[in-house]
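Atoms considered below: every heavy atom in the structure, side chains included; atoms not considered: hydrogens, waters and symmetry mates.
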2 protein chains.
Amino acid sequence: MPAQSRKQREIAQRHSLFLEVGRELLHENGFHQLSMDQVAEQAEYSKGTIYQHFHCKEEMLIQLCIQCMQGLLFIGEKAATYPGSHRERLIAFQIAHELWLAVEPRDLYMLQYVNVDGVLSKVAESSLAEFRQMEAKIISLCASIFQDAMDCGDLPVGELNAAELVYGVWSMCYGGQLLRSYETPLAEMGVSNPGRTLTSLLQATLDGLRWTPASTPEQTDALLLHLETEYFTEALAQLREGCCSTLSRG
Amino acid sequence: MPAQSRKQREIAQRHSLFLEVGRELLHENGFHQLSMDQVAEQAEYSKGTIYQHFHCKEEMLIQLCIQCMQGLLFIGEKAATYPGSHRERLIAFQIAHELWLAVEPRDLYMLQYVNVDGVLSKVAESSLAEFRQMEAKIISLCASIFQDAMDCGDLPVGELNAAELVYGVWSMCYGGQLLRSYETPLAEMGVSNPGRTLTSLLQATLDGLRWTPASTPEQTDALLLHLETEYFTEALAQLREGCCSTLSRG
DNA sequence: TCAATTTTTATACGACTCGTCATTTTTTGA
DNA sequence: TCAAAAAATGACGAGTCGTATAAAAATTGA
């Protein structure tokens with residue numbers, strides 16, 4: 001007895017197809033301009049069929065976001081198990097975030113859409129729960145790095161607890177990526193490499209928190225090089241493949 | 001000869017009325033749900049008249065954003081002239097940002113809407129120019145604090161230039177406020193006072209950058225108290241008034 | 001094999017929105 | 001007062017979402 005019948009497999013495949021088409025159209029035109037009729041046409045199914053899979057446009061969006069966050073969680077887990085100091089793990093986590101977004105920068109828009117205009121109030125309860133769960137997992141993954149560093153004494157316990165530190169780092173990463181996605185001319189301002197800027201600033205913050213050992217620019221450069229060209233390459237390749245294979249082409 | 005004729009004054013007043021009505025409806029329902037028919041009805045004018053003032057919905061949004069940023073610039077200038085150390089000025093700048101948003105938290109949504117869905121590509125060129133100019137002014141205001149601190153030796157010149165430091169701080173403030181505006185349960189996570197968390201983290205970052213004198217939690221508390229209950233009170237009152245007086249009631 | 005039943009797909013439709021433009025109303029100036 | 005100019009109006013076309021009904025296809029059972 002197969003785990004899924006032929007019919008069920010077909011339905012699941014269609015679901016993936018719709019998501020993939022939706023993702024592409026969303027990237028091209030934005031959420032507001034995304035039309036369900038267009039998705040139907042492009043996927044070569046009727047609108048009624050689409051609405052059997054997603055009871056509203058917002059539901060489609062949140063499912064795309066969940067996919068998106070699964071990718072982030074995947075590479076975040078890789079970062080959290082980096083074989084090095086706790087400090088290196090935290091930097092790896094930030095870099096993971098950077099690299100993940102670099103795979104498909106337009107995904108960032110999805111995460112913005114989903115948080116405005118009452119989108120979350122329209123989606124299915126189960127989808128919202130899954131979304132929140134993904135969020136919580138990523139947060140706790142990051143928090144565990146801080147907590148471990150405190151437990152082993154690398155990071156002295158100060159004013160802020162692990163959750164607060166996560167909030168701060170997350171703010172900086174997320175805000176930094178949003179600002180880059182906006183059309184504000186950062187380069188003209190004098191910010192030539194925003195990702196590297198955030199890493200340096202994060203290192204400064206960790207120094208300020210008295211996280212030992214302190215950082216040097218040379219060490220940071222070496223770590224970044226290693227992470228970007230070696231440690232994460234396989235995970236990134238999987239991520240890229242995962243992105244496209246949701247269509248289950250071929 | 002009056003600077004403006006009666007007619008011109010009437011038109012300007014109507015313009016303000018439309019913006020005010022638009023702002024309220026935007027706050028209530030979000031940008032996508034904001035209907036120009038509704039604005040027309042609420043303002044007791046016809047839609048055609050509205051469209052004489054704003055050639056599209058997006059144009060209305062960006063004008064609201066410009067108003068919004070004028071408020072931020074106003075209180076930011078107050079922060080940048082805080083009579084204290086450069087370091088205190090920078091903290092004042094962050095607090096100004098916090099207090100400004102506290103006056104009308106829903107304004108943050110506007111600043112998000114305007115940066116997605118190709119809104120900026122639909123607005124009048126002059127509006128976009130004004131928007132960018134406001135942005136640039138706020139950025140350079142913040143950059144000047146960093147630059148002054150470097151010039152006088154309080155902040156050693158390191159890896160990052162003033163613009164890059166602004167980018168980092170701005171990322172943290174903006175990202176932090178967005179995360180708060182989302183419905184993610186920060187309090188449950190363990191972040192009881194996000195604003196204070198960011199200030200502490202900013203202080204840690206400045207410590208890490210070797211900005212002298214170093215901070216202590218007690219000094220920070222005292223500074224915050226002074227800023228929130230004394231230094232900014234008048235500016236905030238003006239901001240609140242400005243918010244409502246755009247309608248030019250009475 | 002073939003009719004009855006169930007499931008799946010397609011599409012016409014109502015309700016709503018944006019932005020336009022011909023028509024109506026108001027204002028201006030002789 | 002009254003004609004010309006300016007401004008305000010709202011019906012309209014085009015396009016969207018989500019639904020509900022009709023058509024088609026697949027499955028069943030004899």
(message) Can a donor-acceptor pair be found, under 3.5 Å and without considering hydrogens, that links the side chain of B:Lys122 to the backbone of B:Lys57?
(response) no
(request) Identify the heavy atoms of B:Ser46 and B:Ala40 that sit nearest to each other, and give their distance. (result) C-CB, 3.8 Å
(message) Has A:Glu24 got a side-chain atom pairing as donor or acceptor with A:Val21's backbone, closer than 3.5 angstrom?
(response) no
(message) By the 4.0 Å heavy-atom rule, please label A:Ile50 as base, sugar-phosphate, or nothing.
(response) nothing
(request) Return the value, rounded to whole Å, for the distance between atom NE2 of A:His32 and atom C1' of D:dT16. (result) 8 Å
(request) Kindly write out the residues that satisfy salt bridge (charged side-chain N to carboxylate O under 4.0 Å, His left out) with A:Glu130, not counting sequence neighbours, or none if the list is empty. (result) none
Using a cut-off of under 3.5 Å, enumerate the N/O to N/O pairs linking the protein to nucleotides 20-27 of chain C.
none

(request) Compare all side-chain heavy atoms of B:Gln33 with those of B:Leu25 and state whether any distance is below 4.5 angstrom. (result) no
(message) Does a side-chain N or O of A:Ser46 approach OP1 or OP2 of C:dA10 to a distance below 4.0 Å, or not?
(response) yes
(request) Rounded off to whole Å, could you give me the CG-to-C1' distance for the B:Asn29 and C:dC16 pair? (result) 14 Å
(request) Starting from C1' on D:dC17, measure out to CG on A:Asp117 and report it in whole angstrom. (result) 15 Å
(message) Tell me whether the side-chain N/O atoms of B:Gln52 come closer than 4.0 Å to OP1 or OP2 in D:dA8.
(response) yes
(message) Can you see whether A:Phe232 has A:Lys78 sitting over its ring - NZ or CZ less than 6.0 Å from the centre and within 45° of the normal?
(response) no
(request) Let me know the distance between CD of A:Glu10 and P of C:dT7, rounded to the nearest Å. (result) 16 Å
(request) Provide, to the nearest angstrom, the distance between the NZ atom belonging to B:Lys57 and the P atom belonging to C:dT17. (result) 9 Å
(message) Distance check needed: D:dC17 P versus A:Glu41 CD, whole Å only.
(response) 13 Å
(message) What is the distance, to the nearest angstrom, from the CE atom on A:Met36 to the P atom on C:dA10?
(response) 15 Å
(request) If the plane angle is over 60° it's perpendicular, under 30° parallel, otherwise tilted; pick one for A:Tyr174 and B:Tyr182. (result) perpendicular
(request) Indicate the atoms forming the closest heavy-atom contact of B:Gly176 with A:Ser171, along with that distance. (result) CA-OG, 3.1 Å
(request) Using a cut-off of strictly less than 4.0 Å, decide whether A:Arg14 has a side-chain nitrogen or oxygen near OP1 or OP2 of C:dT8. (result) no
(message) Can you tell me which nucleotide in D:dG18, C:dT9, C:dG19 comes closest to the side chain of A:Thr49?
(response) C:dT9
(request) Before giving the answer on side-chain contact (heavy atoms from CB on, under 4.5 Å), spell out for A:Glu98 and A:Gln177 the whole-Å C-alpha distance, their side-chain angles and the decisive distance to 0.1 Å. (result) CA-CA 8 Å; A:Glu98 293 275 332; A:Gln177 289 182 326; 4.2 Å; yes
(message) Would you call the rings of B:His15 and B:His53 parallel, tilted or perpendicular, taking 30° and 60° as the class edges?
(response) tilted
Set out, line by line, the N/O atom pairs under 3.5 Å between protein and nucleotides 22-25 of chain D.
none

(request) In whole angstrom, give the distance that lies between atom NZ of B:Lys122 and atom C1' of C:dC18. (result) 10 Å
(message) Please determine whether a side-chain nitrogen or oxygen atom of A:Ser35 lies at a distance below 4.0 Å from atom OP1 or OP2 of D:dC17.
(response) yes
(request) Select from B:Ile11 and B:Asp37 the residue whose nearest nucleotide in DNA chain D is closer to the 5' end of that strand. (result) B:Ile11
